[in-house]
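Note sheet for the following structure.
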Amino acid sequence: MKIIRDVNEMKIEINSIKRYGKTIGFVPTMGYLHDGHKSLIDTARKENDIVVVSIFVNPVQFGPNEDFEKYPRDEERDFKICRESGCDIVFLPVKDDMYKSSHSTFVDVFNISEGLCGLSRPGHFRGVATVVAKLFNIVKADRAYFGQKDAQQLAIIKKMTLDLNMDTEVIGCPIIREADGLAMSSRNIYLNCYERQQALTLSKSLMHAQSRIKNGEKHVSIIKLEMEEIIKTAQDSKIDYIEVVDPQNLKPVHIIEGEVLIALAVRIGNTRLIDNLTISI
Ligand code: PAF
């Protein structure tokens, strides 16, 4: 497994892979890998000749009061996971190489960036779209793999590649959960034992919504209220949003018909967690 930190070296490596006509599967990450990332790498491994994983804690997608500094980092652990998953190249660019002091180009994907997490994290998706566009230009992958847990991020990246005629196919992969239902996330490490228990209310509320919808409830207002009640049983919870939206354009729906995305963001103590579920009736 090659470890490359320099952007130009990475581009040279990619050009030589392309010259041999090999396909590239790409998994962009911010590191501190877990089984969710592993499943993305596994899928990339099955569908491509060469697998590239990037690890870059992108400063541009963090707000001024967010956790950029304390975001968990552990290169050696990540390398081990990448190696065991059959990754060929780990790309770890450094901040000053990705963003020169003169950097002045950003990618804004309007409309779908504005609701859900966009409301409480202004500028976040601009940072995500910008870094993903840059990484796509460097890695020139045939396919890139993203987790469905970040449903809004996935929808934004799909829209960006469509709007900007990018060649990389964006593939969404299922959410990977702990045995008790908690969606895997690098940020779960912030939760203490007691908060970890309270965090289960997120997936429980989604499961409840799923069963209510399957049993015929169509009114979003009722579903949201019941989900809210479940989450409020967690003493340290603070709901950022619970929304039921169209999975393509992320616009709110009021009556459930066809396919809907139920998405939520909740603070448990100081940790902001997100989760979602797609349901079709
Ligand atoms: O989902 C993430 O880990 C990040 O937002 C991404 C896509 C790697 C961009 O920094």
Side-chain angles (χ1 to χ4, degrees), residues 5 7 10 24-41 43-44 51-63 66-75 77-78 81-82 85 87 89-95 97-99 103 105-109 112-113 116-118 120-139 141 143-161 164 166 168-176 183-190 263 265 271-276:
R5 295 179 195 267
V7 170
M10 187 68 194
I24 300 175
F26 178 36
V27 182
T29 81
M30 297 207 299
Y32 213 71
L33 306 180
H34 49 68
D35 281 357
H37 296 112
K38 206 175 159 326
S39 83
L40 301 179
I41 304 172
T43 311
V51 175
V52 177
V53 175
S54 68
I55 299 177
F56 179 61
V57 185
N58 173 36
V60 179
Q61 71 187 71
F62 289 79
E66 293 187 349
D67 56 344
F68 174 68
E69 293 300 339
K70 75 164 195 180
Y71 195 84
R73 294 159 168 91
D74 189 341
E75 274 189 8
R77 186 176 159 278
D78 289 345
I81 294 172
C82 286
S85 310
C87 163
I89 302 173
V90 187
F91 176 47
L92 302 103
V94 295
K95 189 174 131 235
D97 203 9
M98 284 296 272
Y99 299 107
H103 186 96
T105 305
F106 293 87
V107 180
D108 258 317
V109 183
I112 55 171
S113 294
L116 306 178
C117 291
S120 55
R121 302 190 72 190
H124 168 66
F125 289 120
R126 181 185 207 232
V128 170
T130 301
V131 80
V132 172
K134 286 170 72 66
L135 290 167
F136 279 11
N137 281 335
I138 297 165
V139 177
R143 299 172 197 88
Y145 300 82
F146 294 85
Q148 174 65 33
K149 186 174 85 70
D150 296 291
Q152 188 173 15
Q153 167 172 284
L154 176 61
I156 288 167
I157 292 167
K158 280 190 173 163
K159 186 78 172 86
M160 174 186 77
T161 55
L164 297 183
M166 291 176 165
T168 302
E169 182 191 354
V170 175
I171 297 169
C173 300
I175 297 177
I176 305 296
M184 289 199 185
S185 162
S186 305
R187 289 189 168 100
N188 290 349
I189 189 84
Y190 298 150
T271 308
R272 187 175 180 280
L273 299 173
I274 57 172
D275 200 350
N276 69 77

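Counting convention: from 1, in listed order, for ligands and their atoms alike. What you are looking at is a predicted structure, and each value in this text was computed from that prediction instead of being measured. Side chains are part of it too, since the values below use all heavy atoms of this structure and drop only hydrogens, waters and symmetry mates.
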Please find the pair of heavy atoms, one from L135 and one from S54, that lie closest to each other, and give the distance.
CD1-OG, 3.9 Å
Intermediate values then yes/no, salt bridge (charged side-chain N to carboxylate O under 4.0 Å, His left out), E66 and R272:
CA-CA 10 Å; E66 293 187 349; R272 187 175 180 280; over 6 Å; no
Once you round to the nearest 0.5 Å, how far does NE2 of H34 lie from CD1 of I176?
9.5 Å
To the closest 0.5 Å, what do you measure between CZ (F125) and CD (Q152)?
3.5 Å
Using a 4.0 Å cut-off to any heavy atom of [X], which atoms of ligand 1 qualify?
X	result
Q61	4 (C), 5 (O), 9 (C), 10 (O)
V131	9 (C), 10 (O)
Q153	1 (O), 2 (C), 4 (C), 5 (O), 7 (C)

Is T29 close to ligand 1, meaning an N/O of one under 3.5 Å from an N/O of the other?
no
